[in-house]
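All remarks here apply to the structure that follows.
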Amino acid sequence: MPELPEVETTRRALAAGLEGHKVTGVAVKRDRMVRRQSRPADFADRLVGRKVESVGRIGKFLMTQLSEDLIWVTHLGMSGHLRLVPSAEPQEPHTNVAVMMSSGIDVRFVDPRTFGFMAVFTPDEMESSSLARLGPDALDSLPPSRSLQQRLASRTAPIKALLLDQSLIAGLGNIYADEVLYRAGVRPDRQGGSLDLDEVKALRSAVRPVLNAGLKWGGTSLDDLAYLLPDGSAGRYLDRLKVYGRQDEPCRRCGTPIQRASLRGRSTHWCPSCQK
DNA sequence: ACCTCCCTGGCC
DNA sequence: GGCCAGGGAGGT
């Protein structure tokens, strides 16, 4: 499912495939996929004729810088992925948006559950959108432990829920939040404010290795194959996850069965022996 | 700071 | 035939 490693993997492929090319056409097959756009028609109007200058990312949001200061924003939701394919190729099911490039390549936005979206913003619109409230990126600008501890100090919500809060740190989703907590040895149901400085340090220093491991394997494609890389291949991190999806299986470190429970409506996995 | 809703393939 | 997965926005 698309979290930071999956979005970053997608970003790298887009950067390699799109930079320097112009948009020649746009087909929105499902109106719902274009959201947060004050006038829906702006989406295609603003894309066509623009050149892709660079492809960036904050958390799980792809931000493609276009000519004339426009920003093409993409969020993959929970079942979305982008494909880069020659224009002539037939569209696979659930292709909700197709963006045609001057290179003859299409960007196809495939998303069965349609939780993802695309929009093209001006700098002003970007400033007033919810994206302006995104926290620091979990991979590129993780705050120091002391400032993290300060942000957590007054919080009574479970630390897992706080890791999922994109205004605190941007990029972690349900899978990698569980993996980070496992690596840090912290139980997901601990109140945020109950973590001492050593625990916050452990948590902080777990973030980068977990995300980099996911990235190394092209991210996590679950059995439903909803998330795929832009070339259509599957991410191969699933088999290397330590806790997510491993309920009742032995902890890779101590053999204790991995627990699963619902926390704030999100499935949560942890080792009751390794995590305190 | 919490709860509800959106959506659909896949599985029981 | 019904339920589950879940990120983020909106409302209370």
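Below, chain A is the first sequence line, B the second, and so on; all start at residue 1.
- Summarising the geometry, the separation between CE on A/M33 and C1' on B/dT8 is reported as 12 Å, rounded to the nearest angstrom.
- Ring geometry, A/H75 versus A/F61: the interplanar angle exceeds 60°, so the pair is classed perpendicular (tilted spans 30 to 60°).
- Not a single donor-acceptor pair under 3.5 Å links the side chain of A/T256 to the backbone N or O of A/C271.
- For A/H94 and B/dC7, the shortest distance from a side-chain N or O to OP1 or OP2 is not below 4.0 Å.
- A/L76 places none of its side-chain heavy atoms less than 4.5 Å from the side chain of A/E3.
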Heavy-atom protein contacts under 4.0 Å, nucleotides 7-12 of chain C, coded B base, S sugar-phosphate only, - none: BBS---

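- A/D231 pairs by the side chain to side chain contact (heavy atoms under 4.5 Å, CB included) definition with A/L229, A/S233, not counting sequence neighbours.
- Comparing A/P112 and A/P158 along DNA chain B, the residue whose closest nucleotide (by nearest heavy atom) sits nearer the 5' end is A/P158.
- For the pair A/I58/A/M63, a side-chain contact is recorded, criterion being any heavy-atom separation below 4.5 Å from C-beta on.
- A/Y176 comes within contact range of no nucleotide atom at all, as no heavy-atom separation falls under 4.0 Å.
- Counting distance only, with no hydrogens placed and no angle test, the side-chain atoms of A/R155 and the base atoms of B/dA1 include no donor-acceptor pair under 3.5 Å.
- With contacts defined as side-chain heavy-atom distances shorter than 4.5 Å, the pair A/L18/A/M101 qualifies.
- The shortest distance between side-chain heavy atoms of A/Q191 and A/I159 does not fall below 4.5 Å.
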Pairwise N/O distances under 3.5 Å, protein to nucleotides 10-12 of chain B:
none

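- The closest donor-acceptor contact from the side chain of A/R187 to the backbone of A/W270 lies at 3.5 Å or more, if one exists at all.
- Residue A/A226 is out of contact with every strand shown, counting any heavy-atom pair closer than 4.0 Å.
- If you check every strand for non-hydrogen atoms under 4.0 Å, A/R30 touches sugar and phosphate atoms only.
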